[in-house]
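Have a look at the structure below before the remarks.
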Amino acid sequence: LLKLFSQGVFVVIGLGANCFSTMGAGIAAQIKEKHPDAYYADIYSNLTPEQKLGNYTSNDRCDILNIYSQYNPGKNLDYEALSLALRKINDEFDGLSIGLPQIGCGIAGGDWEKVREIIKSELKSCDVTVVIYKK
């Protein structure tokens, strides 16, 4: 995902995030290292953890989105929060190319079939590419 983003394949990328600004594992840790401005957008957000769930923050260029799809770190993807956040992103980034990982399906423990349907349903005005990471 990050390699394709650096090559300009996507205008925007998103990642699943918890509401406590950890960005300590998975793609979030890689983004924190390579794009610290996305991490700063997370930790310096004016939103409380409760307000983050179902929302997103972005770096100053608005090209990396922290999508708050789980309240706490760990296996607890909140499908409703993911759906709400993606709906907001669809409205804000209408028509743009967005790259996503299999958001919420790694560390957060989500079911890919459910998440895929949410992406298709909520990001209908965006050109979405899901990058599948294989170890």
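All values below come from the heavy atoms of this structure, side chains included, with hydrogens, waters and symmetry mates left out. Keep in mind the model is a prediction, meaning the values are calculated, not measured.
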**Asked** Looking at Lys52, Gln70, Glu50, which one forms a side chain to side chain contact (heavy atoms under 4.5 Å, CB included) with Cys19?
**Response**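 Exactly one pass, corresponding to Lys52.
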Mind checking whether [X] and [Y] have side chains closer than 4.5 Å, heavy atoms only?
X      : Y      : answer
Ile67  : Leu15  : no
Val9   : Lys3   : no
Leu82  : Ile103 : yes
Gln7   : Leu4   : yes
Leu100 : Leu1   : no
Pro101 : Val131 : no

Who pairs with [X] by side chain to side chain donor-acceptor pair (under 3.5 Å), at least two apart in sequence or on another chain?
X      : result
Gln102 : none
Tyr39  : none
Ser58  : none

**Asked** Quick one: ring pair (Phe, Tyr, Trp, His ring centres under 6.0 Å) partners of Phe93, sequence neighbours excluded?
**Response**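 Ring pair (Phe, Tyr, Trp, His ring centres under 6.0 Å) list for Phe93, sorted by chain: empty.
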**Asked** What pairs with Phe10 under ring pair (Phe, Tyr, Trp, His ring centres under 6.0 Å), at least two apart in sequence or on another chain?
**Response**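 Scan of Phe10 (ring pair (Phe, Tyr, Trp, His ring centres under 6.0 Å), adjacent residues dropped) gives none.
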Is there a donor-acceptor pair under 3.5 Å between the side chain of [X] and the backbone N or O of [Y]?
X      : Y     : value
Asp63  : Val12 : no
Asp127 : Leu96 : no
Ser45  : Asp42 : no
Ser97  : Val11 : yes
Asn66  : Ala38 : yes

From [X] atom [atom1] to [Y] atom [atom2], the distance as rounded to the nearest 0.5 Å:
X      : Y     : atom1 : atom2 : answer
Ser21  : Tyr40 : OG    : OH    : 13.0 Å
Ser125 : Asp91 : OG    : CG    : 7.5 Å
Tyr68  : Leu53 : OH    : CG    : 11.0 Å
Leu84  : Ile89 : CG    : CD1   : 10.0 Å
Glu33  : Met23 : CD    : CE    : 11.5 Å

**Item:** Leu2 and Ile13: CA distance, side-chain angles, deciding distance, side-chain contact (heavy atoms from CB on, under 4.5 Å) verdict
**Value:** CA-CA 8 Å; Leu2 291 174; Ile13 61 171; 3.7 Å; yes
Output side-chain donor-acceptor pairs under 3.5 Å for residues 105-120, partner residues at least two apart or in another chain, one line each.
residue : atom : partner : partner atom : Å
Asp111  : OD1  : Glu113  : N            : 3.1
Asp111  : OD1  : Lys114  : N            : 3.0
Glu113  : OE1  : Arg116  : NE           : 3.4
Glu113  : OE1  : Arg116  : NH2          : 2.6

